[in-house]
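Here is the structure we will look at.
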Amino acid sequence: MSRRFTVITVLVCAGAGLLAACSSGTVGGTPSPETGSVPTSSSGAVSSSAGTVAVPKVQTPLPVTVLDGSPCDSALTTEQVTHFIGTPNVPERNDTFNAGPACSWSSSGPAGGGISVFYGTKLHNGLGYDYQVNKPEADRWEPANLQGYPAVALTLKGNDQSATGTCNVSVGIRDDLAFSVALTLGDNARKRGVDSCEGAKDVANTVLTNLKGRS
């Protein structure tokens with residue numbers, strides 16, 4: 001976590017492979033989809049269930065139990081949320097989200113702000129859902145590697161991150177399991193040219209560290 005990001009508006013429709021699971025077309029579909037290169041790592045690629053999409057393979061899977069419960073309880077500490085968006089309001093918990101449990105934090109400050117974390121426990125194909133379903137909807141797609149785990153950052157078509165301040169990151173922790181983070185920057189950060197995808201990667205990296213601590 002190298003920087004503090006002022007954020008605005010919580011995303012209600014985002015997360016691992018959650019873009020297609022959302023009924024509205026609002027900004028904030030999950031970190032999903034694709035772009036040219038595969039993450040630079042020792043990981044290979046594994047065919048998706050459809051057999052048509054190459055998805056980065058998780059080399060060191062975490063136990064499925066690290067995604068037990070709500071992200072409100074295990075994804076980020078209050079101190080960590082405050083680092084990214086300032087003092088937060090009480091987190092909004094959703095245990096019945098289509099793709100798995102979700103949690104959203106909004107800033108209590110005048111600038112607003114928001115982070116959402118989603119555990120994709122109901123999808124059963126990890127980053128494969130992002131590559132298959134969300135890839136066609138992505139305008140910016142950047143494969144990445146967080147602590148040796150394959151990830152992808154994206155923004156949606158028609159949603160310029162410099163204007164919306166929105167980016168999403170999905171991280172595969174097993175070939176069949178992923179979590180996602182959605183981040184929206186506030187007005188001041190957008191005016192300064194802060195890259196929301198870099199911020200979202202920082203948040204996702206922090207969540208990953210916390211989850212590894214549960215393994």
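A distance-only check finds a donor-acceptor pair linking the side chain of Gln80 to the backbone of Thr77 [under 3.5 Å]. Within the 3.5 Å criterion, the main-chain N or O of Asp68 finds a donor-acceptor partner in the side chain of Arg214. The backbone N or O of Gly148 lies less than 3.5 Å from a partner atom in the side chain of Asn145, making a donor-acceptor pair. When atom types are taken as modelled, the side chain of Lys57 and the backbone of Arg174 share no donor-acceptor pair closer than 3.5 angstrom.
The shortest distance between side-chain heavy atoms of Asp95 and Pro101 falls below 4.5 Å. The closest side-chain heavy-atom distance from Val171 to Val169 is below 4.5 Å. In this structure, the side chains of Ser107 and Thr87 stay at 4.5 Å or more apart for every pair of heavy atoms. With contacts defined as side-chain heavy-atom distances shorter than 4.5 Å, the pair Lys212/Val66 does not qualify.
The CG atom of Leu146 sits 10.0 Å away from the OG1 atom of Thr206 when rounded to the nearest 0.5 Å. The structure places CG of Asp176 at 11.0 Å from OG1 of Thr121, a figure rounded to the nearest 0.5 Å. In this structure, Arg140 CZ and Cys197 SG are separated by 3.5 Å, a value rounded to the nearest 0.5 Å. To the nearest 0.5 Å, atoms NZ (Lys201) and SG (Cys167) are separated by 7.5 Å. Going from atom CG of Leu154 over to atom CD of Glu137 covers 10.0 Å, rounded to the nearest 0.5 Å. Distance check, rounded to the nearest 0.5 Å: OH of Tyr149 to CG of Leu127 gives 12.5 Å.
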Decide side chain to side chain contact (heavy atoms under 4.5 Å, CB included) for Gln147 and Asn205; before the verdict, give the C-alpha distance in whole Å, the side-chain angles of both, and the deciding distance to 0.1 Å. CA-CA 8 Å; Gln147 302 182 45; Asn205 194 56; 2.9 Å; yes
Just do the side chain to side chain contact (heavy atoms under 4.5 Å, CB included) check on Leu62 and Leu208 with the steps written out, would you? CA-CA 10 Å; Leu62 294 178; Leu208 179 58; 4.2 Å; yes
Set out, in order, the CA-CA distance, both residues' side-chain angles and the distance that settles side chain to side chain contact (heavy atoms under 4.5 Å, CB included) for Ile115 and Val117, then state yes or no. CA-CA 7 Å; Ile115 293 173; Val117 178; 4.3 Å; yes
Would Thr166 and Ser196 satisfy side chain to side chain contact (heavy atoms under 4.5 Å, CB included), going step by step from the backbone distance to the final call? CA-CA 6 Å; Thr166 298; Ser196 61; 5.6 Å; no
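When only modelled atom types and interatomic distance are considered, Thr155 and Asp139 share no side-chain donor-acceptor pair under 3.5 Å. Inspection of the Thr96 and Asn94 side chains reveals an N or O donor paired with an N or O acceptor under 3.5 Å. Side-chain contact annotation: Tyr119 with Ser74, donor-acceptor N/O pair under 3.5 Å present.
Listed by first and then second residue, the salt bridge (charged side-chain N to carboxylate O under 4.0 Å, His left out) pairs that reach into residues 74-89 come to none, sequence neighbours excluded.
When the salt bridge (Lys or Arg N to Asp or Glu O under 4.0 Å) test is applied to Asp73, the partners found at least two apart in sequence or on another chain are Arg93.
Closest heavy-atom contact between Ser170 and Ser180: OG-OG, 2.6 Å. The shortest non-hydrogen separation linking Asp175 to Val58 is OD1-N, 2.9 Å. Nearest approach of Trp105 to Pro88, heavy atoms of both residues: CD1-CB, 4.4 Å. Closest of all the heavy-atom pairs between Leu211 and Leu67 is CD1-CD2, 3.6 Å. The shortest non-hydrogen separation linking Val181 to Ala204 is CG2-CA, 3.8 Å. Contact detail for Asn89 and Ser108: the closest heavy-atom pair is OD1-CB, 3.3 Å.
By the 30° and 60° cut-offs, the orientation of the rings of Phe97 relative to Phe118 is tilted.
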